[in-house]
Amino acid sequence: MTCYPDKSLTVSAGWLIDGTGSPLARDIQLDISDGRIVSISDRDDGQVKCRETMDLSHCTIIPGLIDCHVHLSMPGNEDRSFRDSQLNNSYDDIRRVIAGHLMEHSGYGVVALRDGGDHKGHALRYRDEYLIKGRAGVVIKAAGRAWHAQGRYGSLIGRSPLYGLDLAQSISLIKDIPDHIKIINSGLNSLSEFGKETPAQFDPGQLGRAVKEGKKLGLKTMVHANGQQAVKIAIDAGCHSIEHGFFMGDENLGVMAEKGCIWVPTAITMEAYSRIFRPGTPEYDIAKKNLDSQLKQISMAIQYGVNIAVGTDSGSPGVHHGKAVHEEIRLFMSAGYTIEGAVRCASFEGAKLLGLEETAGLLTPGMPAVFIAVRGGPESLPDSLGNIETVFSQHRAG
Ligand SMILES: [Zn+2]
């Protein structure tokens, strides 16, 4: 159920996780006026009777979730041929697919997401056409078509630089201005050889100039990179986030912590592969090892103080829109995050990355009251995320 309250309201909650990463609060009330949180205090059952109230005393409330890496044009279908057949679909066909994916995100408590690109830029077009209508109430930030080097991985979600021009020059000529730039700087992770690195797609000069060009347009750059070399080039280029970052190594993690570069590990992609392949096959074993390796890197990143945001790569094989956010939160907790820390990664860290820190990600006084309520106490999380009682929002998160 989604509620669209009017003016003043007091929400009585059993537990509050506010998105800052601070320890949760017990038995609180949120006073809300015109959709914004006015105050958070200990629950006063005498006082709340004087106002319109919402009783969520049996629930834990957390900020609306943010998925920092999705592909809205692609289904998380496990059948590769079905997924690939979607590639050449027209915008009119894909429009319905995107609308369905947004409904799924909304149902799982996702209030904002960042699209990492598609072959024809359909998600960006959808964002433009539905920006005002706000279908499903989910904020879309879209990259349009991603950039990859000629002849290298990436045509599935983008294009290579224009003929005769380098990456930065090509970015400078973008007509449909996206919300951020997406650059692919390595290949995919191998499922036949554990830890195999692919060469970087762009050299330090090319990538550095491209990130700078994005900044000139007022845009952040997200870089798909796996392996030490490809990740190092992306960090040195000044990119804002490393996507995936499998096998990047401790040294890169240390530099990311220093520079404030955000990491979006998309660990769920490997768990999804381990569900697709039969146990005993090489692909199954390597997907499992890739996942373990990534969870170890996340543990190390927590120690180093790297800012990590939840992103799922939804639309990849077996990675389903909306649901995967809950799964990534569970994986973050298995890597060492507390529930408060994991929620911060799935809310406030994402809000900062998407430029929504004024409107989403935190449940603190002054912020819009955009939250989800799940039955039970914090001990039931993250499993209880699968059973959301209420998504509360007076308006969209951005
Ligand atoms: Zn992706």
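This structure is a prediction, so every number in the text was calculated from the model and none was measured. We count ligands from 1, going down the list as the structure has it; atoms in each ligand are counted the same way.
Shown here is E251, whose CD atom has no more than 12 heavy atoms of other residues, nucleotides or ligands within 6.0 Å.
Among the candidates H244, H180, H224, the single residue satisfying the ring pair (Phe, Tyr, Trp, His ring centres under 6.0 Å) test with H69 is H244.
Ring centers of F332 and Y337: under 6.0 Å apart, within the cut-off.
A cation-pi geometry, defined here as NZ or CZ lying under 6.0 Å from the six-membered ring centre and within 45° of its normal, does not hold between R278 and Y284.
Excluding waters, the protein N/O/S atoms found under 2.8 Å from the Zn ion (ligand 1) are H69 NE2, H71 NE2, D313 OD1.
Residues in residues 14-24 take part in these side-chain hydrogen bond (donor to acceptor under 3.5 Å, both in side chains) pairs, two or more places apart or across chains: D18-T20, T20-S22.
Put simply, the side chain of N185 never gets that close to the backbone of I233: no donor and acceptor are under 3.5 Å apart.
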